[in-house]
Structures are given as C-alpha cells and as structure tokens.
Trainee: 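The following block contains the structure, expressed as structure tokens.
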Amino acid sequence: MPKSRIRKKAEFTPPPSAKQATNIKLTSRSWVAPVMLALFAIGLAWIVVFYVTDGSLPVKSLGNLNIVVGFGFIAAGFGVSTQWK
C-alpha cells in the first residue's frame, strides 16, 4: 500500500493589529450577601406577622395583598442575588 505524503501545517501567527487582553478589576460586592439575606428575612417576617396576627398587621388596609408584598421582598432578594460574584 502506498504511503501518503505528510503535509506541513503553517504555524498560526496572530495579526499584528490584535490587541492584548486587559485585566478587568472586579469591584468589591461585599454588600450583596447582607442585602440579599435582609430582603429574604423581611419578606419572611412580613408573611409570618400577617398570618400570626390574622391580617391586622403589618398593613391592615392591604388585606391579603400583604402576602404579595412579602413575596415581593423575597423576589427582590433573588434579584439582588444575581449580583453576587
């Protein structure tokens, strides 16, 4: 069986106009975890207080929308958690 020819591959050289990658300094995000946990705790406390007081607290005029407010705080906590690195 005949042997195939071996071809030399040309070495890759980057174009001369290619820019060097710059180091990106990440800013400190030490505020994210405390704010996230605080929003979770506020939302949970809001819902628990609403159920324990039979709807008279935290805001009586909202009625069952107090649950939506509590879950809103919890959702905001999840929103803040996307900033955590």
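Model, not experiment: these values are computed from the prediction.
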Trainee: Enumerate, atom names and distances included, each donor-acceptor pair closer than 3.5 Å involving a side-chain atom of residues 73-80, sequence neighbours excluded.
Mentor:
none

Trainee: NZ/K8 to CZ/R5 distance, rounded to the nearest 0.5 angstrom?
Mentor: 13.5 Å

Trainee: Got a sec, which residues hit side-chain contact (heavy atoms from CB on, under 4.5 Å) with L65, two or more places apart in sequence or on another chain?
Mentor: L62, V68

Trainee: Just list the side-chain donor-acceptor pairs under 3.5 Å for residues 44-52, sequence neighbours left out, or say none.
Mentor:
residue	atom	partner	partner atom	Å
W46	NE1	N66	O	3.2
W46	NE1	N66	OD1	3.2

Trainee: State yes or no: do F71 and V59 share one hydrophobic cluster built from I, L, V, M, F, W and Y residues joined by side-chain heavy-atom distances below 4.5 Å, directly or via other members?
Mentor: yes

